[in-house]
**Q** 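Dumping the structure here so I can ask a few things about it.
Just the heavy atoms: all of them, side chains too, but no hydrogens, waters or symmetry mates, feed the values below. Positions are given from 1 along the sequence.
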Amino acid sequence: MVAEAKKREIKEAHKRKKIMRERFKQEENIASAMVIWVNEILPNWEGMRATRRVRELWWQGLPPSVRGKVWSLAVGNELNITPELYEIFLSRAKERWKSFSETSTENDIEDAGASVADREASLELIKLDISRTFPSLYIFQKGGPYHDLLHSVLGAYTCYRPDVGYVQGMSFIAAVLILNLEEADAFIAFANLLNKPCQLAFFRVDHSMMLKYFAAFEVFFEENLPKLFLHFKSYSLTPDIYLIDWIFTLYSKSLPLDLACRVWDVFCRDGEEFLFRTGLGILRLYEDILLQMDFIHIAQFLTKLPEDITSEKLFSCIAAIQMQNSNKKWAQVFASLMKDNKEGDKNHSPAPKS
């Protein structure tokens, strides 16, 4: 027994040494990558961002110290939001919070109609959602250092985009940006990110567009994982059951935070396609387990992924996913689905009256 215990102890010591060596190597790689990003890539962003060397370095994960800057540059600012504009919408949000916290007269509520109820619901939802955002970190909960900051960014956004309002899941996206950027920059990136076609479709709950995204996803699902695809089909398990949560939070709720940030790195490089490629990477990683499960267990498993998921394993599975179907890439497959839908609408439209 003593000999066995000694063996186990030696084995554990070797394991710890190996982990330490790997961690040290990883830290060295991050440090040398940071020097390249700061001294070479960022000063020559437009000329270098699409080069093979930069794309390969990008795939390996961005050093945390430059992550926010690269995300901002990659997402862009098509909406031309300035820090001053953020302050304007933030002060509007603060006024609204103040007026809702004071007792409203019945006449005010009658005059404003349903919009007051909608706004109050939105503000209540923000409050509730913030308390559920990365609860294990304790930094976004009431009294935490980032609670007010997250409240500000989300409140300002509901004033900036009342047509979208606040939707559950947004708090996770804003929180990840706040952890990597200054307040106004986080808001600018947040608003621009949510203005991308895929995010807008999901956050506006545009069912028609969401179905196109699911259909495109299934094309590549069948291409890459035919066995699992048929298994899901046999249970009528559709992508919305697991994809909605993944897309709404850009994987920040489903994956460990450091791994979610790596997914964000490449999402900022490759756009919406990478969100669906990541989904297929997850399915590939757990394919053998999922093939043994029924509908309920698959849905439960994909809703709460194992916590020991590592970036090496996931990214090697993502790399193995081919985003090509009959020589068509993601954008072409999605465009042809859009075209088919338009033609279908034409065919079903009523004939003009004579």
Side-chain angles (χ1 to χ4, degrees), residues 22-87 149 153 173-200 250-252 255 257-278 281 311-312 314-316 318-324 329-332 334:
E22 282 171 3
R23 196 170 289 168
F24 183 66
K25 194 183 170 190
Q26 199 180 5
E27 282 170 6
E28 271 191 327
N29 290 343
I30 287 170
S32 59
M34 189 193 73
V35 172
I36 296 167
W37 278 101
V38 171
N39 296 337
E40 295 178 42
I41 303 167
L42 289 173
N44 307 293
W45 175 251
E46 287 306 328
M48 288 191 75
R49 65 179 294 181
T51 62
R52 191 175 170 180
R53 180 185 173 221
V54 170
R55 286 180 67 79
E56 282 173 3
L57 199 60
W58 206 330
W59 175 269
Q60 289 159 25
L62 297 167
S65 56
V66 299
R67 182 166 265 150
K69 180 70 177 165
V70 175
W71 285 359
S72 278
L73 287 166
V75 170
N77 187 10
E78 279 184 5
L79 298 169
N80 294 317
I81 300 169
T82 59
E84 292 74 26
L85 194 64
Y86 168 62
E87 289 300 331
L149 201 52
V153 168
I173 296 176
V176 173
L177 290 168
I178 284 165
L179 290 172
N180 288 280
L181 288 158
E182 294 298 320
E183 184 176 348
D185 293 329
F187 177 79
I188 293 165
F190 181 71
N192 278 279
L193 199 51
L194 264 52
N195 199 50
K196 304 284 180 194
C198 179
Q199 274 57 55
L200 212 48
L250 303 179
Y251 295 95
S252 54
L255 296 174
L257 185 57
D258 58 337
L259 180 47
C261 285
R262 256 203 84 180
V263 169
W264 279 46
D265 291 345
V266 189
F267 162 57
C268 288
R269 187 194 80 169
D270 293 356
E272 64 183 39
E273 174 187 319
F274 191 71
L275 294 178
F276 297 94
R277 193 179 177 193
T278 299
S311 78
E312 289 74 29
L314 178 59
F315 269 78
S316 69
I318 295 170
I321 296 294
Q322 297 301 308
M323 295 304 274
Q324 200 140 324
K329 292 186 175 178
W330 169 268
Q332 294 164 306
F334 189 73

**Q** Please report the interatomic distance CG(Leu62) to SG(Cys268), rounded to the nearest 0.5 Å.
**A** 8.0 Å

**Q** Do NZ/NE/NH1/NH2 and the carboxylate oxygens of Arg277 and Glu273 come within less than 4.0 Å?
**A**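 Between Glu273 and Arg277 there is no salt bridge, as every charged N stays at least 4.0 Å from the carboxylate O atoms.
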
**Q** With a cut-off of 6.0 Å (strictly less than), are more than 12 heavy atoms of other residues, nucleotides or ligands near CD of Glu182?
**A** no

**Q** Does a side-chain N-to-carboxylate-O contact under 4.0 Å join Arg262 and Glu312?
**A**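 So Arg262 does not pair with Glu312 through a salt bridge.
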
**Q** Taking the side chain as everything from C-beta on, heavy atoms only, tell me whether Ile318 gets closer than 4.5 Å to Val266.
**A** no

**Q** Do Phe190 and Leu181 have side-chain heavy atoms sitting under 4.5 Å apart?
**A**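 No, too far: nothing below the 4.5 Å cut-off.
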
**Q** Of all heavy-atom pairs between Pro83 and Ala184, which one has the smallest distance, and what is that distance?
**A** CB-CB, 4.0 Å

**Q** When you measure from the centre of the six-membered ring of Phe274, is the NZ or CZ of Arg269 under 6.0 Å away and within 45° of the axis?
**A** no

**Q** To the closest 0.5 Å, what do you measure between CD1 (Ile41) and OG1 (Thr51)?
**A**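 It is 7.0 Å, given to the nearest 0.5 Å.
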
**Q** Looking only at heavy atoms, which two atoms of Ala191 and Leu79 are closest? And how far apart?
**A**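 Nearest pair, atom of Ala191 first, then Leu79: O-CD1, 3.5 Å.
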
**Q** I need the Trp58 CH2 to Trp37 CH2 distance, nearest 0.5 Å.
**A**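 It is 5.5 Å, given to the nearest 0.5 Å.
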
**Q** Considering only heavy atoms from C-beta outward, does the side chain of Cys261 approach that of Val176 to under 4.5 Å?
**A** yes

**Q** Counting C-beta onward and ignoring hydrogens, is there a side-chain heavy-atom pair between Phe315 and Val263 closer than 4.5 Å?
**A**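 The answer is yes; the side chains approach within 4.5 Å.
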
**Q** Would Leu179 and Leu257 satisfy side-chain contact (heavy atoms from CB on, under 4.5 Å), going step by step from the backbone distance to the final call?
**A** CA-CA 11 Å; Leu179 290 172; Leu257 185 57; 3.8 Å; yes

**Q** Do Gln324 and Trp330 get their side chains close enough for a donor-acceptor pair, meaning under 3.5 Å?
**A** no

**Q** Would you say that more than 12 heavy atoms from the other residues, nucleotides or ligands in this model lie under 6.0 Å from the NZ of Lys196, or not?
**A**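 Yes.
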
**Q** Do the ring centers of Trp264 and Tyr251 come within less than 6.0 Å of each other?
**A** no

**Q** On a heavy-atom basis, which atom in Trp45 and which in Ala74 lie closest, and how many Å separate them?
**A** CZ2-N, 4.0 Å

**Q** For residues Ala174 and Val153, report the shortest heavy-atom separation together with the two atoms involved.
**A** CB-CG1, 4.2 Å

**Q** Rounded to the nearest 0.5 Å, how far does CG of Leu193 lie from CG of Leu200?
**A**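 Interatomic distance, Leu200 CG to Leu193 CG, rounded to 0.5 Å: 11.0 Å.
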
**Q** Closest heavy-atom contact between Asp265 and Trp71?
**A** OD1-NE1, 2.9 Å

**Q** Under 3.5 Å, side chain of Asn192 to main-chain N/O of Ile188, donor-acceptor pair present?
**A** yes

**Q** For the CE atom of Met48 and the CZ atom of Arg53, what is their distance to the nearest 0.5 Å?
**A** 5.0 Å

**Q** Would you find a donor on one side and an acceptor on the other, under 3.5 Å apart, between the side chain of Asn77 and the backbone of Ile81?
**A** yes

**Q** Begin from the C-alpha positions of Arg52 and Leu57 and carry the test side-chain contact (heavy atoms from CB on, under 4.5 Å) through to its verdict.
**A** CA-CA 9 Å; Arg52 191 175 170 180; Leu57 199 60; over 6 Å; no

**Q** Taking all atoms of both residues into account, what is the closest heavy-atom pair of Val66 and Met34, and its distance?
**A** CG1-CG, 4.4 Å

**Q** About how many Å separate CG of Asn180 and CG of Asp185, when rounded to the nearest 0.5 Å?
**A**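 Reported value, rounded in 0.5 Å steps: 11.5 Å.
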
